[in-house]
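Beneath this line is the structure, given in structure tokens, with notes to follow.
Keep in mind that the numbers below use all heavy atoms, side chains included, and drop hydrogens, waters and symmetry copies. A quick note: this is a predicted structure, and the numbers were derived from the prediction, not measured.
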Amino acid sequence: MPTARTTSATAQPAVLSRIATAPFPFTAIVGQEEMRRALILAVVDPGIGGVLVMGHRGTGKSTAVRALAALLPPIKAIVGCPYGCAPDHPAGACEVCTAPARAAFAARTVPVPVVDLPLGATEDRLVGTLDIEQALGAGVKAFEPGLLARANRGFLYIDEVNLLDDHLVDLLLDVAASGTNVVEREGVSVRHPARFVLVGSGNPEEGDLRPQLLDRFGLSVEVQTMNAVAERVAVVRQRQAYDADPATFNTAQEPAEEKLRRRIRAAQKALPKTELPDDILYRIADLCLRLGVDGHRGELTVARAATALAAYHRRPAVTADDVCEVAIPALRHRLRKDPLEETDSGERVQTTLSEVFGETTAMASARAVL
């Protein structure tokens, strides 16, 4: 992928164009370490299960998610495939790409898709429907892919996710569980891959998420308005500089963006070789048991997130510090809610971390991610 250092006469204009039209850079976001860490881990290991970002209005939730799109390392996809099937993973390909002639298909490098799901989207827009143009013009029953098809192998972003209609929530739950979208209507029967990382953001004052959807998010982070004057001033200065001249601002930030991009690539490659020691895994299970977490998705998420964090920090094996950094976002939304309890769920996880891993280790989890 070209960077700002590229000197090729053909590559440089493309790079400058990308920088000029890029959103606010991910590395220029001030503070919000927990949110940025969670989003990076979801990129390193999409199997973590997505990220839910809840917090006050105007705290950079949607800015961070949209900035993630420009940061993601590109992927290879089969040319002409509407679902972006991977050329080197036939097991997860669509029916067309698994045909006998598949070996002759060409591949190309494309950006990782980041698809927005509007609150007012219809079911047909989400899952796909009959292509009316072909049906009327040529009399052919053809499938018109929806947002789930576009999001395959990428990210599906829902702003104000807590306001999403229930029938769309049910569809998302089915597809997120199976990784496959099945559409049968108007004489069209289509089954295609729809494996995506679900990223949602919202304001908790406007309503809660249904428990079924809440549990589908691997990590849940809370963002709050900054209380330090210096940080609030830094936010204003950064935004003013970007609004005044986006191209110049993004060009200055590109070295930091490319550094983080390379670090994510390295973490993705190191992830399969990063070990999770037995003693750490036993303590993760003990942590979830003491917290009364239902099911086993809590242990799985903590284990995967801690492994991704270790790979990101270039460590060969997961440490107690890695677990302590990811435990709160991985477990806070899985705890049983007691209306009479005044203790915050994050505080409950922190207290139990201290019991399982020791006070010093549990409190040493404020390390900057960038």
Looking at [atom1] of [X] and [atom2] of [Y], how far apart are the two atoms once the value is rounded to the nearest 0.5 Å?
| X | Y | atom1 | atom2 | value |
| --- | --- | --- | --- | --- |
| Lys269 | Ile264 | NZ | CD1 | 13.5 Å |
| Leu71 | Leu39 | CG | CG | 10.0 Å |
| Ile280 | Asp322 | CD1 | CG | 8.5 Å |
| Glu299 | Leu331 | CD | CG | 8.5 Å |
| His167 | Thr122 | NE2 | OG1 | 7.5 Å |
| Glu222 | His333 | CD | NE2 | 11.0 Å |

> What pairs of residues pass the ring-ring contact (aromatic ring centres under 6.0 Å, His included) test when at least one of them lies in residues 273-292, not counting sequence neighbours?
Replying inline: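 Found none.
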
Using only atom types and a distance under 3.5 Å, with no angle test, would you say the side chain of [X] pairs donor to acceptor with the backbone of [Y]?
| X | Y | result |
| --- | --- | --- |
| Arg36 | Ile29 | yes |
| Arg153 | Gly84 | yes |
| Gln32 | Val223 | no |
| Arg283 | Val323 | no |
| Gln268 | Arg263 | no |
| Asp245 | Thr248 | yes |
| Asn203 | Met54 | no |
| Glu257 | Thr27 | yes |
| Arg332 | Ser220 | yes |

Return the minimal non-hydrogen interatomic distance between [X] and [Y], and the atom names on each side.
| X | Y | result |
| --- | --- | --- |
| Pro74 | Thr109 | CB-CG2, 3.5 Å |
| Gly298 | Arg334 | CA-CD, 3.8 Å |
| Ala107 | Pro87 | CB-CG, 3.8 Å |
| His192 | Val127 | NE2-O, 4.3 Å |
| Pro46 | Val197 | CB-CG2, 3.5 Å |
| Leu260 | Phe26 | CD2-CD2, 3.8 Å |

>> Is it the case that atom CZ in Arg191 sees more than 12 heavy atoms from other parts of the structure closer than 6.0 Å?
In response: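 It does not: Arg191 CZ has 12 such atoms or fewer within range.
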
> Near Asp278 CG, under 6.0 Å, is it more than 12 heavy atoms from other residues, nucleotides or ligands?
Replying inline: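 No, CG of Asp278 has 12 or fewer neighbouring heavy atoms, counting only those of other groups under 6.0 Å.
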
>> Would you say Leu335 ends up clustered with Leu289 if hydrophobic residues are merged whenever their side chains have heavy atoms under 4.5 Å apart, either directly or through other cluster members?
In response: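 No, Leu289 and Leu335 fall in different hydrophobic clusters.
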
>> Side-chain heavy atoms nearer than 4.5 Å, only ILVMFWY residues, links allowed to pass through others: does that put Leu163 and Phe217 together?
In response: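 Same hydrophobic cluster.
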
> Checking salt bridge (charged side-chain N to carboxylate O under 4.0 Å, His left out) for the pair Glu34/Arg37: CA distance, chi angles, key distance, verdict?
Replying inline: CA-CA 5 Å; Glu34 187 182 54; Arg37 179 185 296 113; over 6 Å; no

> Are Ser201 and Glu160 close enough that a side-chain donor and a side-chain acceptor fall under 3.5 Å?
Replying inline: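 Glu160 and Ser201 do not have a side-chain donor-acceptor pair below 3.5 Å.
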
> Hey, mind stepping through Glu254 and Arg261 against salt bridge (charged side-chain N to carboxylate O under 4.0 Å, His left out) and telling me if it holds?
Replying inline: CA-CA 10 Å; Glu254 179 61 16; Arg261 197 175 291 122; 3.5 Å; yes

